[in-house]
Amino acid sequence: MITVVIASYKYGHLAAHCIESLLSQTKQPERILFVDDGIADCNHLPALYPEIEYIFRPTNLGTVDNFQDTLSRVETEYVLFIGADNWLRSDAIELLSDATADIVTYDIVVTGELKEEMLARVPGQTHPQFGNLYWDRQNQHHGSMMYRTTLGKEIGYKKRFEDGFHPQEDWNLWDKMLEKGATVASLKQGLLYYRRHRENYLKYDPEILPFLAG
């Protein structure tokens with residue numbers, strides 16, 4: 001019982017690729033929920049993919065509030081958020097469906113025109129693989145980890161860094177779930193293709209970078 005949330009912010013030109021990766025899974029998620037956070041560049045998708053659910057926000061909520069509101073709408077046992085510019089390997093949901101832990105994490109394949117930026121962002125954590133970069137995330141969080149919905153709702157996507165601008169998103173969620181004794185399982189598989197491109201090339205202040213590398 002997994003809900004996959006596809007989150008889009010200026011990714012209307014890439015979103016179909018992400019949707020196709022979910023509709024072509026060897027095992028379908030219980031629910032696919034697509035949310036466009038106030039950009040209105042995804043209005044063409046319902047006609048192409050009527051089998052999934054959509055939220056088209058009239059104004060931009062920002063990452064934290066957008067994720068928090070969307071999480072409140074999930075009712076399945078597990079939930080997984082994925083950026084609309086990324087995609088899942090075709091057997092990802094099938095492999096994740098066998099998990100019983102509170103959190104399930106897995107490795108990432110970094111691809112795209114700016115993939116080399118990851119070598120500086122997380123030094124020593126990636127290695128070349130078939131033209132991409134393989135990012136080992138064993139027992140480590142990332143934005144598309146799968147987690148138990150009730151536990152996620154208890155904590156929520158709420159906290160920001162002290163600068164008040166950069167959201168902690170999954171970092172706070174991960175830390176607080178562990179504090180509550182959440183069990184963790186890791187799959188030694190590169191299930192998420194993380195596309196690095198101009199639209200998501202975020203620049204963080206130096207004091208925040210150590211949090212991102214963890």
Side-chain angles (χ1 to χ4, degrees), residues 4-26 29 32-42 44-45 48-49 52 60 62-64 66-67 70 80-93 95-96 104-138 140-146 166-171 174 186-206 208-214:
V4 177
V5 174
I6 304 174
S8 184
Y9 179 77
K10 299 182 179 180
Y11 297 152
H13 59 303
L14 300 172
H17 189 180
C18 179
I19 292 172
E20 291 283 356
S21 79
L22 288 165
L23 295 180
S24 61
Q25 289 288 308
T26 56
I32 302 173
L33 180 58
F34 187 100
V35 54
D36 178 353
D37 192 16
I39 302 302
D41 63 348
C42 297
H44 61 291
L45 294 174
L48 296 173
Y49 305 104
I52 69 176
N60 175 250
T63 304
V64 170
N66 180 37
F67 282 18
T70 308
L80 183 157
F81 280 71
I82 181 173
D85 52 336
N86 303 323
W87 68 96
L88 291 180
R89 203 174 80 181
S90 62
D91 60 346
I93 298 300
L95 294 174
L96 290 168
V104 184
T105 187
Y106 48 88
D107 296 344
I108 295 173
V109 179
V110 185
T111 188
E113 60 179 332
L114 296 176
K115 61 179 181 292
E116 301 298 329
E117 175 265 341
M118 294 297 291
L119 297 174
R121 177 178 166 186
V122 289
Q125 294 187 25
T126 63
H127 64 267
Q129 184 189 68
F130 306 119
N132 296 308
L133 295 175
Y134 192 93
W135 190 6
D136 187 333
R137 299 305 291 163
Q138 292 298 287
Q140 298 290 327
H141 84 284
H142 55 73
S144 292
M145 60 186 174
M146 186 181 77
H166 295 93
Q168 288 195 35
E169 306 167 22
D170 48 284
W171 302 297
W174 167 265
S186 286
L187 301 180
K188 188 60 179 173
Q189 301 276 353
L191 300 183
L192 173 73
Y193 283 82
Y194 176 37
R195 189 198 312 256
R196 297 297 298 164
H197 55 99
R198 280 164 287 181
E199 285 84 354
N200 71 359
Y201 187 53
L202 304 179
K203 296 181 178 179
Y204 295 91
D205 297 329
I208 295 177
L209 285 174
F211 291 96
L212 304 182

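Atom set for the values below is all heavy atoms of this structure, side chains included, hydrogens, waters and symmetry mates excluded.
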ask   = Do Ile32 and Ile19 come close enough that some side-chain heavy atom pair is under 4.5 Å?
value = no
request  = Identify the two heavy atoms, one from His141 and one from Asp170, that lie closest to each other, and give their separation to 0.1 Å.
outcome  = CD2-OD2, 2.7 Å
query = Can you list the steps and then say if His17 with Tyr11 is a ring-ring contact (aromatic ring centres under 6.0 Å, His included)?
reply = CA-CA 10 Å; His17 189 180; Tyr11 297 152; over 10 Å; no
query = Can you find a pair of side-chain heavy atoms, one from Thr63 and one from Tyr9, that are under 4.5 Å apart?
reply = no
ask   = With side chains defined as the heavy atoms from C-beta onward, is the minimum distance between Arg195 and Trp87 less than 4.5 Å?
value = yes
remark   = Here the pair of heavy atoms bringing Leu96 nearest to Met146 is O-CE, 3.5 Å
ask   = Which heavy atom of Ala84 sits nearest a heavy atom of Phe34, and at what distance?
value = CB-CE1, 4.3 Å
note = d(Met118 CE, Glu116 CD) to nearest 0.5 Å is 11.0 Å
Considering all heavy atoms, the nearest Asp85-His197 contact = OD2-NE2, 2.8 Å
query = Going by heavy atoms in the side chains, are His142 and Tyr194 under 4.5 Å from each other?
reply = no
Ser144 to Leu80 - nearest heavy-atom pair and separation = O-CG, 3.4 Å
key: Backbone N/O of Asp37 and side chain of Asn60: donor-acceptor pair under 3.5 Å   = yes
key: Thr105 side chain vs Met145 backbone, donor-acceptor pair below 3.5 Å   = no
inquiry  = Please give me the minimum heavy-atom distance between Gly12 and Asp41, naming the atom from each residue.
reply    = N-OD2, 3.0 Å
Residue pair Arg137 / Leu192, side-chain heavy-atom distance below 4.5 Å = no
request  = Check step by step if side-chain contact (heavy atoms from CB on, under 4.5 Å) holds for Ile52 and Leu23.
outcome  = CA-CA 9 Å; Ile52 69 176; Leu23 295 180; 4.2 Å; yes
ask   = Does the side chain of Arg89 reach to within under 4.5 Å of the side chain of Val109, using non-hydrogen atoms?
value = no
inquiry  = Please determine whether side chain to side chain donor-acceptor pair (under 3.5 Å) holds for the pair Asn132 and Thr111, giving the CA-CA distance in whole Å, both sets of side-chain angles, and the decisive distance to 0.1 Å.
reply    = CA-CA 5 Å; Asn132 296 308; Thr111 188; 2.8 Å; yes
message = Between Asp91 and Leu191, is there a side-chain heavy-atom distance shorter than 4.5 Å?
response = yes
ask   = Between the main-chain N or O of Leu119 and the side-chain N or O of Thr126, is there a donor-acceptor pair closer than 3.5 Å?
value = no
task = Measure from the side-chain N and O atoms of Gln129 to the backbone N and O of Tyr134, and report whether any donor-acceptor pair falls under 3.5 Å.
result = no
request  = Find the distance between CG (Asp36) and OG (Ser8) and round it off to the nearest 0.5 Å.
outcome  = 5.0 Å
request  = Show your reasoning for whether side chain to side chain donor-acceptor pair (under 3.5 Å) applies to Asp136 and Gln125.
outcome  = CA-CA 7 Å; Asp136 187 333; Gln125 294 187 25; over 6 Å; no
task = Determine the sole option in Leu33, Leu22, Val35 for which the side chain to side chain contact (heavy atoms under 4.5 Å, CB included) test with Ile6 is passed.
result = Leu22
request  = Examine distances only and state if a side-chain atom of Glu20 and a backbone atom of Ala15 form a donor-acceptor pair shorter than 3.5 Å.
outcome  = no
message = Are Leu95 and Tyr106 packed together at the side-chain level, in the sense that at least one heavy-atom pair is separated by less than 4.5 angstrom?
response = no
message = So, taking the atom named SG in Cys42 and the one named NZ in Lys10, what distance separates them when rounded to the nearest 0.5 Å?
response = 12.5 Å
